Amino acid sequence: HVQLVESGGGSVQAGGSLRLSCIASGNTRDITCMGWFRQVSGAERDGVAAVCTGDGGTSYIDSVKGRFTISQGNTKNTVYLQMNSLKPEDTAMYSCAAAEALSIGVHGTWNARNINWGQGTQVTVS
């Protein structure tokens, strides 16, 4: 089992920035990808960005490209999401995830193998 703890959410005005952090612990041996997802009330959870070890490849949904940056810390068990030029439509509950495989499509659809979720952190942009 993998435990994920997020931090860094909050409220910000449009155009502002926030940085989300996530640390994974537990049985992370087979984890190769970490990502960020977001969900608004009544809607499905969408992928936002992902990063995978090995080639260090990243993927983003179109609506955040150029504004959000996903990165890993010194170990594969830490991931960050730097969010700049935030818009009201970015308001959502953001969750960190760790998986044995993870891909996110440009419109937020996603596929994963053995995905683990954090509790989430609220981001509100007004």
Side-chain angles (χ1 to χ4, degrees):
H1 186 62
V2 177
Q3 295 83 42
L4 298 160
V5 178
E6 305 103 330
S7 60
S11 297
V12 64
Q13 291 188 334
S17 298
L18 286 172
R19 188 189 195 211
L20 305 183
S21 301
C22 176
I23 299 175
S25 61
N27 187 13
T28 61
R29 182 186 61 187
D30 296 327
I31 297 300
T32 62
C33 299
M34 295 186 74
W36 290 95
F37 293 73
R38 64 187 182 187
Q39 187 173 24
V40 297
S41 180
E44 293 186 355
R45 180 154 45 189
D46 289 333
V48 175
V51 59
C52 295
T53 56
D55 62 0
T58 58
S59 57
Y60 299 90
I61 57 174
D62 279 350
S63 61
V64 307
K65 284 180 180 176
R67 300 189 297 121
F68 291 12
T69 302
I70 189 169
S71 61
Q72 288 184 293
N74 291 332
T75 73
K76 68 170 186 174
N77 295 341
T78 304
V79 67
Y80 306 100
L81 187 68
Q82 178 67 42
M83 305 185 293
N84 298 329
S85 302
L86 282 160
K87 304 176 181 179
E89 51 263 44
D90 294 318
T91 295
M93 179 68 74
Y94 283 70
S95 298
C96 175
E100 294 179 9
L102 174 62
S103 62
I104 295 177
V106 295
H107 298 298
T109 57
W110 55 274
N111 287 291
R113 184 172 71 242
N114 291 342
I115 194 165
N116 301 266
W117 300 100
Q119 294 279 12
T121 183
Q122 178 68 34
V123 171
T124 302
V125 185
S126 59

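Only a predicted model underlies this, so the values are computations on that prediction, with no experimental measurement involved.
More than 12 heavy atoms of other residues, nucleotides or ligands lie within 6.0 Å of CD1 in Ile115, so this atom counts as buried by the packing criterion. For CD of Gln119, the number of neighbouring non-hydrogen atoms (other residues, nucleotides, ligands) closer than 6.0 Å is 12 at most. For Glu89, the CD atom sits in a packed shell: over 12 heavy atoms of surrounding residues, nucleotides or ligands are nearer than 6.0 Å.
Minimum interatomic distance between Leu18 and Gly8 (heavy atoms only, all atoms of both residues): CD2-O, 3.9 Å. Listed here is the closest heavy atom pair of Val40 and Ala92: CG1-CB, 3.8 Å. Gly47 and Phe37 make their closest contact through CA-CD2, 3.4 Å (heavy atoms, listed as atom of the first residue, atom of the second, distance). Shown here for Met93 and Gln122, the closest heavy-atom pair between the two residues is SD-N, 3.6 Å. The two residues Ala98 and Leu4 make their nearest non-hydrogen contact at N-CD1, 3.7 Å. Closest heavy-atom contact between Ala14 and Pro88: CB-CD, 4.1 Å.
For the pair Thr32 (side chain) and Glu100 (backbone), a donor-acceptor distance under 3.5 Å is present. Put simply, the side chain of Thr28 never gets that close to the backbone of Ser25: no donor and acceptor are under 3.5 Å apart. Under the 3.5 Å distance criterion, the side-chain polar atoms of Tyr60 are matched with a main-chain donor or acceptor of Ile70. Side-chain atoms of Thr121 come within 3.5 Å of backbone atoms of Gly9 as a donor-acceptor pair (strictly under, hydrogens ignored).
For the side chain to side chain contact (heavy atoms under 4.5 Å, CB included) with Cys96, the qualifying choice from Trp36, Trp117, Tyr80 is Trp36, the only one to do so.
Taking 4.5 Å as the limit, every side-chain heavy atom of Leu81 sits out of range of all side-chain heavy atoms of Arg19. The closest side-chain heavy-atom distance from Ile104 to Ile61 is below 4.5 Å. The shortest distance between side-chain heavy atoms of Ser71 and Gln82 does not fall below 4.5 Å. Looking only at side-chain heavy atoms (C-beta outward), Val48 and Val64 come within less than 4.5 Å of each other. Side-chain contact check for Asn116 versus Ile31: some heavy-atom pair is nearer than 4.5 Å. Glu6 places a side-chain heavy atom less than 4.5 Å from the side chain of Ser95. Met34 is not listed as a side-chain neighbour of Thr78, based on a closest heavy-atom distance of 4.5 Å or more. Under the 4.5 Å side-chain criterion, counting only non-hydrogen atoms from C-beta, Thr91 is not in contact with Leu86.
Considering NZ of Lys87 and OG of Ser63, their distance stands at 7.5 Å, rounded to 0.5 Å.
When hydrophobic clusters are built by joining Ile, Leu, Val, Met, Phe, Trp and Tyr residues whose side-chain heavy atoms come closer than 4.5 Å, directly or via intermediates, Tyr94 is grouped together with Val12.
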Discussion item. Is there a side-chain contact (heavy atoms from CB on, under 4.5 Å) between Val79 and Val51? Walk through the geometry before answering.
Written reply: CA-CA 8 Å; Val79 67; Val51 59; 3.9 Å; yes
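Listed by chain and residue number, Arg38, Arg67 satisfy the side-chain hydrogen bond (donor to acceptor under 3.5 Å, both in side chains) test with Asp90 (two or more places apart in sequence, or in another chain).
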